[in-house]
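First the structure, in the form of C-alpha cells, and then the observations on it.
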Amino acid sequence: MKRMMKRLSLCLLISSVFGIGTGHSQTCRVHTGCDARGVKQYMEVYQYDYVTEKPEFPGGDLALMQFINTTRVYPSKAYKKGIEGRVTCGFVINTDGSVSHVKVIRGVEKTLDNEAKRVFSEMPTWRPGSVNGKVVPVHIVRSVCFRR
C-alpha cells in the first residue's frame, strides 16, 4: 500500500511539473518569464500529440536530423573529458512557425546542455501546427546526441 501511494504521488508530481492533467489534456503551460512585479507569466500551448496537423521542420524529419548533425558543435572540453549523452529539450513552435522557449528537460552536462539549446534556438521557421484548421502554438520535445 505504501509503495502504491509513493507511485501515485510521483505520478501526480510529474504531471504537475510538466503541465499534464490527469484527464485528456490537450494543452500545457510554458513559463515565459516574469512581469515587472515578479509574477511568473505563462503561455498556453498545445501538446504535440493533440494537434490535428503536426508542426513540420522544412524538409521533414530527415532534414531536421541533418540540421541537428550539421549545426551541433561538440564542446571541446566535454569531448576531451569523454562526456557523452543525449540532451532532451522542449521548445515551442509559434503560430508563425518561429521557435521559442527552448528549455533543457533532461541534461547531461552544462556545456552539452547549452549547445543543445543553441542548436534548437537556431532552427529555421517551421510549418506551424493546427487544430481543426486553426493555427496554434505547439510544444515539442526533441533530443541532441553527443557521442565520441
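- For K103, the NZ atom counts as densely surrounded, since its 6.0 Å shell holds more than 12 non-hydrogen atoms of other residues, nucleotides or ligands.
- Across S143 and T88, no two heavy atoms sit closer than the pair OG-OG1, 3.0 Å.
- Put simply, the side chain of T52 gets close to the backbone of N132: a donor and an acceptor are under 3.5 Å apart.
- The structure places NZ of K77 at 12.5 Å from NZ of K110, a figure rounded to the nearest 0.5 Å.
- At a cut-off of 3.5 Å, with distance as the only test, no side-chain donor of S98 or T125 sits close to an acceptor on the other residue.
- Hydrophobic clustering, with ILVMFWY side chains joined whenever heavy atoms are under 4.5 angstrom apart, groups V87 together with M123.
- Under the 4.5 Å side-chain contact rule for hydrophobic residues, I140 and F120 share a cluster.
- Atom-to-atom distance recorded for R72:CZ and R118:CZ is 10.5 Å, nearest 0.5 angstrom.
- Residues R127 and E53 are in side-chain contact: their nearest non-hydrogen atoms beyond the backbone lie under 4.5 Å apart.
- Remark: Q47 CD to C28 SG distance equals 5.0 Å, nearest 0.5 Å.
- Qualifying ring-ring contact (aromatic ring centres under 6.0 Å, His included) partners for Y42, counting only residues two or more places apart in sequence or in other chains: H31.
- Of the possible polar contacts, one joining the E109 side chain to the T111 backbone as a donor-acceptor pair under 3.5 Å is found.
- Side-chain atoms of D35 come within 3.5 Å of backbone atoms of G38 as a donor-acceptor pair (strictly under, hydrogens ignored).
- Considering every non-hydrogen atom in both V131 and Y50, the closest pair reads CG2-O, 4.3 Å.
- Contact detail for V92 and P137: the closest heavy-atom pair is CG1-CB, 4.1 Å.
- To the nearest 0.5 angstrom, Y74 atom OH is 13.0 Å from K80 atom NZ.
- One hydrophobic cluster, built from ILVMFWY side chains closer than 4.5 Å, holds both V102 and I93.
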(request) Please assess T32 against Q41 for the test side-chain hydrogen bond (donor to acceptor under 3.5 Å, both in side chains), listing each intermediate value before the final yes or no. (result) CA-CA 6 Å; T32 58; Q41 300 294 305; 5.7 Å; no
(message) Does R142 form a side-chain contact (heavy atoms from CB on, under 4.5 Å) with L64? I'd like the steps, not just the answer.
(response) CA-CA 10 Å; R142 293 287 186 268; L64 174 60; 3.9 Å; yes
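- For the pair D113 (side chain) and V104 (backbone), a donor-acceptor distance under 3.5 Å is absent.
- When the salt bridge (Lys or Arg N to Asp or Glu O under 4.0 Å) test is applied to E84, no partner is found at least two apart in sequence or on another chain.
- Nearest heavy-atom pair across P75 and E115 is CG-CB, 4.3 Å.
- Annotation: side chain of V138 is not in contact with side chain of P128 (no heavy-atom distance under 4.5 Å).
- Within the 4.5 Å cutoff, the side chain of P124 has heavy atoms near those of the F57 side chain.
- Taking 4.5 Å as the limit, every side-chain heavy atom of F91 sits out of range of all side-chain heavy atoms of V141.
- Counting heavy atoms from C-beta on, the side chains of R29 and E44 come closer than 4.5 Å.
- Both I83 and V119 sit in one connected hydrophobic cluster of ILVMFWY residues. Membership requires side-chain heavy atoms under 4.5 Å apart, directly or through other members.
- A continuous path of Ile, Leu, Val, Met, Phe, Trp and Tyr side chains, each step under 4.5 Å between heavy atoms, connects F67 with F146, placing both in one hydrophobic cluster.
- A cation-pi arrangement, defined by a distance under 6.0 Å to the six-membered ring centre and an angle within 45 degrees of its axis, is present between K54 and Y48.
- Between the T71 side chain and the I68 main chain, no donor and acceptor come within less than 3.5 Å of each other.
- The nearest pair of heavy atoms linking C145 to R86 is SG-CZ, 3.5 Å.
- A cation-pi arrangement is present between R148 and Y79, with the terminal nitrogen or guanidinium carbon under 6.0 Å from the aromatic centre and inside a 45° cone about the axis.
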